[in-house]
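Below you'll find the structure, written out as structure tokens, and then a few comments.
Naming convention: chains lettered A, B, ... in sequence-line order (proteins, then strands); numbering from 1 in each chain.
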Amino acid sequence: MVMCVLDADYIVRDGKPIVRLYVKTSEGAGIELVEGVEPYFYALPVADAKVLSEELGGLSGVVRVEEKHMVDNGDPVDVVKVFASIPKDVPQLREAVLRLDSCRGYREADIPFARRYIIDSGIVPMDGSDQVELNVASVDIEVASGGEPNANRHPVAMISYADSRGLKRVWVAGKDNPGLEYVEAVGSEGEMLEKLVETVRTQEINIITGYNSDNFDFPYLKDRAEKNNVKLNLGFDGSEVRMERRGMNMGARVAGRPHVDMYPVCRQVFNLPRYQLEDVYESLFGERKLDIKVSQITEFYESEDSEKFKILCEYSMADAVATLKIALRMLPLMYELSKVIRQPVYETARMGSGQRVEYLLIDEAYKQGIVVPNRPGDREYGDRDDSPYEGAFVVDPVKGIHDNIVLFDFRSLYPSIIISHNVDPSKLDCDCCEGKAPRAPNNHHFCLEGVGFIPGVLKGLLDRRVSLKAEMKSEEDLERKSLLDVEQQAMKLLANSMYGYYGFQRARWYCRECAEAIAGWGRKYIQKTIKIAESKGFNVVYGDTDSVYITKSGLEDVDEIIRVAKDFQKEINAELPESMELEFEGFYPRGVFITKKRYALIDTQGKLTVKGLETRRRDWCDAAKSTQQKVLDALLRDRDPDKAAETVREMVQRIKSGEVPLSELTINTQMTRNIGGYVSEGPHIAAARKAMKAGMDFKQGDIITYVVTKGSGSNIGDKAVVVDFAEEGDYDPDYYVNNQVLPAVLRILEALGYQEDELKGLGRQTSLGDW
DNA sequence: TACCAGAGGAG
DNA sequence: AAATCCTCTGGTA
């Protein structure tokens, strides 16, 4: 029978911890109790483990000890496993142990008990998630506050709910049903909350989701529940929703029914200009969902017109449905990550890359009898070198248009370097291979004997990915194929994070020398590739980190160009270490290179690829971006500069006429710190300040969407206004022409050899002359 | 004009 | 709480 472990926690009974595994099987959901699990950590002896064992025996709080042979940073080490009676005792006990004369340190005393149990027992969380039916429900609330909602003053206006079993509900209190089958009118706010809890229970929900529900819906519901003397006991065990601090943000934990907030998940997985529910929904499903303005929530709620109230209900329902749809699309990736790193999905969905890599490594360390390094304390963190180290090599591009470009890149360059050079902290600068092992450009070397811990883990990930991809090829069932694809993506994500992890100063397996060596070897390989390409008569027009764009002058025939390029590729690959490979990535009939990291290409299918240019950036307005895109299209596809010029002229005209809608003029810029944390404030902060004075709330991480209005003042910031406060037609045409559209297109045209003054005419809409 | 902080992209 | 390299803007002196 398949048993999917959704979540784990523990309770203490009679002074003993009991692990609770929340599971779902084909029979339904349940809790498995595991008794006899002992909390523990390791004590490191100064010299003799026996002496330490004896001394530990006399320490109060120590239940028992066990001497163990383990491996620490590649070397055998004797440790004493110290058992405590309950997990809460560990923090105090570890400090007491540290004070013993025969103890030089402790390890693994900060791994949460239930999560530790998952690792030690070999349980794979979410395994079987595709074989048992997981019921997913999304929850969304509306508050009619007229401004920023405040749980002390504003009740919940409505709660909307949608689940994967097809049930939809909108609960409203003290209002008539406007005639929608999913609306249920109840008497009070408290009853709405009770309805939600009851429905989650009767629908046997396993996964709860929301959009920004960690920081809004659940804390709000919790506060209101308290005010109404109602318990928000959504937990499978009947427990209430618990708010936890997780770094900068909050997490709403529901025992046994993992709550996954889609907002942070989408921010992590997608690259979008904005991450409002509407934006994510549209980019995922290519359609817009019903949307209303924030100010309309209160207006429609308080309106006597029942049609308006009906629209509000429909909007709220649409939010819950959209969130559910997003969740059903995104959760499989979270489940797969959860499986690989062997942590509950609630935790996994809230982790960054560093933490995910770390738990993967902790799990592997346990399997191999390796003692996990401690997280750096404040002291060690401060001692770690925080100066930047030399990273990747970037070729200054040959600016302008090139025809018939061949792109090669190294497959998984950094992971393959880690594996082929055995880059691991325990293999760093061994005596045995001094002079024998190849030196990295930072002059360090790595032991040739035995596979390092991290290279081994990484090889496991890459091998698994290769076999998944092979399985995918022969798989005909599309559903199964997409599951394999998601699993493959999880492997890739983790493999690609390993290099960054080495350079991460808060990492347990931090190794600056390793990170530098990897980057250094990366530079060496790409530079060597460039050199050989040039010696073979190719022109290297651009390259970045692991890629080279080459052309061949004198050859007209495309097949011939690709043939000679592939000969060159073969030659490179013959010289590379086994796990490394230069791959043919594509052929482009034409491309334009502006500067490092900024260029555009067109492929044989006529598809444009744009990198780094304004088109790709959220902090430029659509008017500028779409004009730039059209210019690139005209130049690369139609090879028609006149058409490009016409496009620009039209947009300049439209802007000057004042007819461009604000939606084409908004600029999105993230507030990367809290207001007050700025030494110098750009237009987005100026706009945010004004909006905050008017009652809006902005915090670190929010994306400010603003427009530059006619306004007055010498700075752009003086005229920048958050879009909600702007009127259609009120925008500064000079700014949009001179600071948005023209710079974006002029850079491209200049790279093509047009003179600036010759192009300036564009702005004045004079004759374009004969360029 | 030169410089800096800030932002967001590439790989 | 993954890394560095790089371009560009807006504000200021």
Side-chain angles (χ1 to χ4, degrees), chain A residues 245-249 268 271-273 350-358 360-361 375-376 381 386-397 407 409-415 418 493-512 514-520 522-523 526 542-548 585 594-599 609-620 624 667-673 677-687 700-701 703-704 708 713-720 735 738-740 743-744 746-747:
Chain A
R245 276 208 81 81
R246 299 189 68 89
M248 292 270 303
N249 290 310
Q268 197 174 56
N271 181 14
L272 298 173
R350 287 165 180 76
M351 286 180 190
S353 342
Q355 265 183 72
R356 287 186 188 142
V357 166
E358 198 142 280
L360 171 73
L361 294 177
R375 276 206 306 257
Y381 177 73
D386 66 347
S387 62
Y389 60 85
E390 189 176 353
F393 175 69
V394 185
V395 180
D396 203 9
L407 167 59
D409 67 14
F410 283 94
R411 171 166 44 79
S412 306
L413 178 66
Y414 287 180
I418 294 175
L493 267 174
L494 285 161
N496 286 342
S497 310
M498 213 60 96
Y499 156 73
Y501 179 79
Y502 272 145
F504 174 38
Q505 286 173 249
R506 300 230 104 112
R508 293 174 192 261
W509 277 274
Y510 168 74
C511 179
R512 185 188 162 100
C514 293
E516 278 190 274
I518 296 160
R523 292 192 300 274
I526 199 67
Y542 184 56
D544 185 348
T545 311
D546 57 0
S547 63
V548 276
E585 258 301 306
I594 315 296
T595 56
K596 286 178 178 180
K597 300 185 189 281
R598 292 164 62 86
Y599 58 95
T609 301
V610 182
K611 299 288 186 183
L613 296 175
E614 286 73 8
T615 299
R616 299 290 303 252
R617 296 178 65 96
R618 71 155 71 105
D619 56 354
W620 284 73
I667 296 163
N668 301 298
T669 309
Q670 195 185 173
M671 205 169 125
T672 60
R673 55 197 69 187
Y678 282 92
V679 175
S680 79
E681 302 184 350
H684 65 303
I685 301 302
Q700 189 167 22
I703 291 167
I704 317 282
V708 176
S714 47
N715 287 329
I716 294 160
D718 299 334
K719 296 186 273 186
Y735 172 80
N738 296 320
N739 296 35
Q740 290 281 326
L746 291 186
R747 260 190 290 274

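M671(A) is listed as a side-chain neighbour of Y678(A), based on a closest heavy-atom distance under 4.5 Å.
Close to dT9(C), at under 4.0 Å from its OP1 or OP2, lies no side-chain N or O of N739(A). Side-chain N/O atoms of N668(A) include none lying less than 4.0 angstrom from OP1 or OP2 on dG8(B).
With dC5(C), dG8(B), dT9(C) as the choices, the nucleotide that has an atom nearest any side-chain atom of T669(A) turns out to be dG8(B). Listed candidates were dC8(C), dG10(C), dT4(C). Nearest to the side chain of Y499(A) is dT4(C). Of the candidates dT12(C), dG9(B), dC6(C), dT12(C) carries the atom nearest the N715(A) side chain, counting heavy atoms from C-beta on. Taking the side chain of D619(A) as heavy atoms from C-beta on, and the options dC5(C), dT4(C), dG8(B), the nearest nucleotide is dG8(B). Of the candidates dT4(C), dG11(C), dG9(B), dG9(B) carries the atom nearest the N271(A) side chain, counting heavy atoms from C-beta on. Residue K611(A) places its side chain closer to dA10(B) than to any other of dG11(C), dA10(B), dT7(C).
The CZ atom of R747(A) sits 8.5 Å away from the CG atom of L613(A) when rounded to the nearest 0.5 Å.
For the pair E614(A) CD and dG9(B) P, the computed distance is 11 Å after rounding to whole Å. Distance, M671(A) CE to dG8(B) P: 12 Å, rounded to whole Å.
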For nucleotides 1-6 of chain B, give me one character per nucleotide, 5' to 3': B if any protein heavy atom sits under 4.0 Å from the base, S if the only such contacts are to the sugar-phosphate, - if neither. ----SS
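Looking at residues two or more places apart in sequence or on another chain, you find a ring pair (Phe, Tyr, Trp, His ring centres under 6.0 Å) between Y414(A) and Y499(A). Contacts of W620(A) classified as ring pair (Phe, Tyr, Trp, His ring centres under 6.0 Å), with partners at least two apart in sequence or in another chain: none.
At a threshold of 4.0 Å, the pair E390(A)-R523(A) counts as salt-bridged, since one of the basic side-chain nitrogens sits closer than that to a carboxylate oxygen.
The base of dA2(C) lies outside donor-acceptor range of the side chain of S497(A), with no N or O pair under 3.5 Å.
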